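Below: the structure, in structure tokens.
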Amino acid sequence: MESQQRIQELTAELNQLQQQGETISQQIEQLNVSLTDINNARDAVKAIKGSVGKETLVPIGAGCFVKTELKSEDVIVGVGSDVAITRSIDETTETLSKDKEEVEKLINQLTETLQTITDQIAQKRPEAEKLMKENGVQP
């Protein structure tokens, strides 16, 4: 009976670790989307430097664009709570670079945590499989 209890404990631990790993993987995926967005914004901001008076295409969604003439190099930046401020290209690029560093740091931390969870699963799984085999339980 003791081995049955240990099997249940290991199974519960493995399931919990698996769920944590999946949650962290989803968070990493979302952060990678944010990182791509930040990189795209930074590239776009850099591309407009020195382009005042030139015609450009502005995306309006669903693969559609409008032609417009760039009147200034100021960038309107959302700062949260539906508030936006005007910043220079250099200020915006610096902010986006800092945001990129923070997101990359979070991705690295979560990746390390995910690796720890994966290691724990790899450590516990053989014991669970052995106990299941010994007790005639299907894995």
Side-chain angles (χ1 to χ4, degrees):
M1 192 65 154
E2 193 175 297
S3 61
Q4 287 288 357
Q5 185 177 355
R6 181 66 182 145
I7 290 171
Q8 289 176 347
E9 288 173 3
L10 282 171
T11 302
E13 286 177 43
L14 287 168
N15 285 338
Q16 182 182 14
L17 289 168
Q18 185 81 25
Q19 289 174 350
Q20 288 175 343
E22 289 172 7
T23 299
I24 290 171
S25 291
Q26 290 171 356
Q27 290 172 337
I28 291 171
E29 191 175 311
Q30 291 170 345
L31 286 169
N32 279 320
V33 169
S34 293
L35 187 59
T36 299
D37 191 39
I38 290 167
N39 284 329
N40 289 341
R42 197 173 64 155
D43 291 345
V45 168
K46 286 180 179 179
I48 63 172
K49 192 167 190 163
S51 297
V52 172
K54 294 182 181 175
E55 191 174 90
T56 187
L57 295 175
V58 176
I60 58 171
C64 299
F65 298 83
V66 293
K67 287 183 181 181
T68 187
E69 183 180 312
L70 196 59
K71 299 217 181 240
S72 82
E73 288 186 352
D74 292 335
V75 181
I76 310 299
V77 180
V79 292
S81 299
D82 294 328
V83 175
I85 59 173
T86 302
R87 289 204 171 141
S88 70
I89 287 178
D90 292 337
E91 290 171 324
T92 304
T93 302
E94 184 178 327
T95 299
L96 290 170
S97 293
K98 287 178 184 176
D99 291 349
K100 178 184 175 183
E101 288 175 16
E102 288 180 29
V103 170
E104 287 174 336
K105 184 177 175 183
L106 281 170
I107 289 171
N108 289 335
Q109 289 172 347
L110 287 172
T111 300
E112 288 176 16
T113 302
L114 183 59
Q115 185 59 53
T116 300
I117 289 171
T118 302
D119 292 345
Q120 289 174 347
I121 289 171
Q123 182 183 13
K124 294 177 186 286
R125 183 171 278 142
E127 180 185 355
E129 289 173 352
K130 180 183 174 194
L131 286 171
M132 290 175 147
K133 186 176 181 181
E134 289 173 355
N135 289 282
V137 178
Q138 294 288 70

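Remember, it's a predicted structure, so these values are computed and weren't measured experimentally.
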Nearest-0.5 Å distance, OG1 of residue Thr92 to NZ of residue Lys46: 12.5 Å
Residues forming a side chain to side chain contact (heavy atoms under 4.5 Å, CB included) with Lys67, sequence neighbours excluded: Glu55, Leu57
Residues in salt bridge (charged side-chain N to carboxylate O under 4.0 Å, His left out) with Glu127, at least two apart? Arg6
Which distance, rounded to the nearest 0.5 Å, do you find between the CD of Gln4 and the CE of Met132? 9.0 Å
Evaluate the side chain to side chain contact (heavy atoms under 4.5 Å, CB included) criterion for residues Leu131 and Glu134: first the C-alpha distance (whole Å), next the side-chain angles of each, then the deciding distance (0.1 Å), finally the verdict. CA-CA 5 Å; Leu131 286 171; Glu134 289 173 355; 3.9 Å; yes
The criterion is salt bridge (charged side-chain N to carboxylate O under 4.0 Å, His left out); which residues satisfy it with Glu94, sequence neighbours excluded? Lys98
Sequence neighbours left out, what pairs pass salt bridge (Lys or Arg N to Asp or Glu O under 4.0 Å) with at least one residue falling in residues 68-87? none
Considering only Ile, Leu, Val, Met, Phe, Trp and Tyr, and joining two whenever side-chain heavy atoms are under 4.5 Å apart, list the other residues clustered with Val66. Val58, Ile60
Pairing residues for Ser88 by the side chain to side chain donor-acceptor pair (under 3.5 Å) criterion, not counting sequence neighbours: Glu91
Contacts of type side chain to side chain contact (heavy atoms under 4.5 Å, CB included), residue Asp37, not counting sequence neighbours: none
Salt bridge (charged side-chain N to carboxylate O under 4.0 Å, His left out) filter on Lys105, not counting sequence neighbours, yields none
Using links of under 4.5 Å between side-chain heavy atoms of ILVMFWY residues, direct or through other members, which residues join Val83 in one cluster? Val79, Ile85
Contacts of Asp99 that satisfy salt bridge (charged side-chain N to carboxylate O under 4.0 Å, His left out) - sequence neighbours left out: none
Test question: given the 4.5 Å side-chain rule for I, L, V, M, F, W and Y, name all other residues clustered with Leu35, or answer none. Leu14, Leu17, Ile24, Ile28, Leu31, Ile38, Val45, Ile48, Leu70, Val75, Val77, Ile89, Leu96, Val103, Leu106, Ile107, Leu110, Leu114, Ile117, Ile121
Rounded to the nearest 0.5 Å, how far apart are CD of Glu112 and CD of Gln109? 7.5 Å
For residues 114-123, which residue pairs pass the side-chain hydrogen bond (donor to acceptor under 3.5 Å, both in side chains) check, not counting sequence neighbours? Gln115-Asp119
